Amino acid sequence: MSESPVRGIDHVAILVRDIDASIPYYVEVLGMTVTEEDQNTSAAARLVYLNAGNMTVQLVSPFGPGAIADALASRGEGLHHICFTVDDIPEALEHLAPAHPVSVSIGGRNRRTAFLPDRPNGLIMELTEIEETAT
C-alpha cells in the first residue's frame, strides 16, 4: 500500500441552525477563539472557524437553499463532516477515490476542496489543500 496523501485533520464541521447563537458555548464555555468567518456561496453556507488547540472546529449554517439546508432539515444539528488536509486534491483523489468522478471546488478559506464519495460508518469526509488557492 502506498503512502497516504492525508497530512492531518484540518477541521471537524458541526452543523448548526444559528451560528451567532452557537458561538457563545464554544467561546465562553469551551474557551475556543473565533479565528475567521467565511461564506461558501456555492453551498449557501456561513462558516465560522474556531481554534480548538490542536485542530479547528468549523460551525456551518445554511443561509439559503442547498445541500447544507437539506442536511439540517433531514438530520438536524450535530457533526456534519471531518476534513483532512492534503497537499494536492487531484493527486489525493487518485489514491482515495480512483474510480469515482469527484467535483473539486473552492471552499472555505479560499482552498481547493472535495468531498469523498465513500461514507464509511456514515461519515462525510472532505479533503482540503493545506495552502490557499492562488488567485
Side-chain angles (χ1 to χ4, degrees):
M1 186 164 146
S2 61
E3 181 182 334
S4 172
V6 172
R7 299 292 171 240
I9 295 174
D10 182 74
H11 65 267
V12 171
I14 301 169
L15 187 58
V16 299
R17 284 183 178 76
D18 182 340
I19 284 180
D20 293 323
S22 300
I23 288 174
Y25 179 82
Y26 293 92
V27 172
E28 296 167 14
V29 177
L30 298 179
M32 296 179 188
T33 55
V34 174
T35 57
E36 57 191 302
E37 283 195 48
D38 204 352
Q39 283 195 354
N40 184 326
T41 54
S42 65
R46 179 178 172 205
L47 313 171
V48 169
Y49 297 87
L50 299 129
N51 182 338
N54 65 343
M55 61 166 282
T56 299
V57 170
Q58 178 193 64
L59 299 181
V60 181
S61 183
F63 62 76
I68 298 299
D70 293 347
L72 186 59
S74 67
R75 297 192 338 238
E77 294 183 304
L79 178 64
H80 184 262
H81 67 269
I82 186 167
C83 180
F84 298 104
T85 53
V86 298
D87 293 323
D88 180 85
I89 296 254
E91 186 178 294
L93 290 172
E94 286 179 23
H95 180 82
L96 299 172
H100 301 280
V102 177
S103 176
V104 178
S105 62
I106 303 300
R109 298 176 289 177
N110 199 37
R111 297 182 189 176
R112 282 200 303 181
T113 184
F115 284 88
L116 294 175
D118 293 332
R119 294 193 175 171
N121 308 106
L123 181 64
I124 298 171
M125 292 185 290
E126 178 186 20
L127 303 177
T128 191
E129 290 179 341
I130 294 169
E131 297 294 326
E132 186 175 313
T133 300
T135 53

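Quick caveat: nothing in here was measured; it's all calculated off a predicted structure.
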| What residues form a side-chain hydrogen bond (donor to acceptor under 3.5 Å, both in side chains) with N51, not counting sequence neighbours? | none

Find the distance between [atom1] ([X]) and [atom2] ([Y]) and round it off to the nearest 0.5 Å.
X	Y	atom1	atom2	value
T35	L50	OG1	CG	6.5 Å
R112	T133	CZ	OG1	6.5 Å
T128	I9	OG1	CD1	13.5 Å
I82	L116	CD1	CG	11.5 Å
I68	L47	CD1	CG	8.0 Å

Can you name the closest pair of heavy atoms from [X] and [Y] and give their distance?
X	Y	answer
P5	V86	O-CG1, 3.5 Å
L96	P98	C-CD, 3.6 Å
A44	P65	CB-O, 3.6 Å
A114	L93	CB-CD1, 4.3 Å

| query | More than 12 heavy atoms of other residues, nucleotides or ligands under 6.0 Å from CZ of R119: is that the case? | reply | no

| field | Over 12 foreign heavy atoms within 6.0 Å of CD, E36 | value |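 It does: E36 CD has more than 12 such atoms within range.
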
| query | If you group Ile, Leu, Val, Met, Phe, Trp and Tyr by side-chain heavy-atom gaps below 4.5 Å, do V102 and L123 land in one group? | reply | yes

| task | Using the rule that two of Ile, Leu, Val, Met, Phe, Trp, Tyr join whenever any of their side-chain heavy atoms come within less than 4.5 Å, decide whether V6 and I130 are in one cluster. | result |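 The answer is no; the residues belong to distinct hydrophobic clusters.
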
| message | Can you pull out every salt bridge (Lys or Arg N to Asp or Glu O under 4.0 Å) where at least one residue sits in residues 90-110? Sequence neighbours excluded, please. | response | D10-R109

| field | side-chain contact (heavy atoms from CB on, under 4.5 Å) involving F115 - partner list, sequence neighbours excluded | value | H81, I124, E126

| field | Contacts of N54 that satisfy side-chain contact (heavy atoms from CB on, under 4.5 Å) - sequence neighbours left out | value |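 N54 satisfies side-chain contact (heavy atoms from CB on, under 4.5 Å) with no residue once adjacent residues are dropped.
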
| message | Whether the side chain of T113 engages the backbone of L127 through a donor-acceptor N/O pair (distance < 3.5 Å, no angle test) should be reported. | response |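 Side chain of T113 to backbone of L127: a pair is present.
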
| said: Could you check whether any side-chain heavy atom of H80 comes within less than 4.5 Å of a side-chain heavy atom of R75, counting everything from C-beta outward? | reply: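 Answer yes - side chains close enough.
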
| query | Are I106 and N40 close enough that some pair of their side-chain heavy atoms sits under 4.5 Å apart? | reply | no

| Of L15, L72, I14, which meets side-chain contact (heavy atoms from CB on, under 4.5 Å) against E77? | L72

Please list, one pair per line, the donor and acceptor atoms closer than 3.5 Å that link side chains of residues 20-32 to other protein atoms, with sequence neighbours excluded.
unit_1: D20; atom_1: OD1; unit_2: R46; atom_2: NH1; d: 3.3
unit_1: D20; atom_1: OD1; unit_2: R46; atom_2: NH2; d: 3.1
unit_1: D20; atom_1: OD2; unit_2: R46; atom_2: NH1; d: 3.3
unit_1: S22; atom_1: OG; unit_2: D18; atom_2: O; d: 2.8

Using atom types as modelled, flag every donor-acceptor pair under 3.5 Å from a side chain in residues 57-64 to any protein atom, sequence neighbours excluded.
unit_1: Q58; atom_1: OE1; unit_2: H11; atom_2: NE2; d: 3.2
unit_1: Q58; atom_1: NE2; unit_2: Y49; atom_2: OH; d: 3.0
unit_1: S61; atom_1: OG; unit_2: V16; atom_2: O; d: 3.2
unit_1: S61; atom_1: OG; unit_2: R17; atom_2: O; d: 3.0

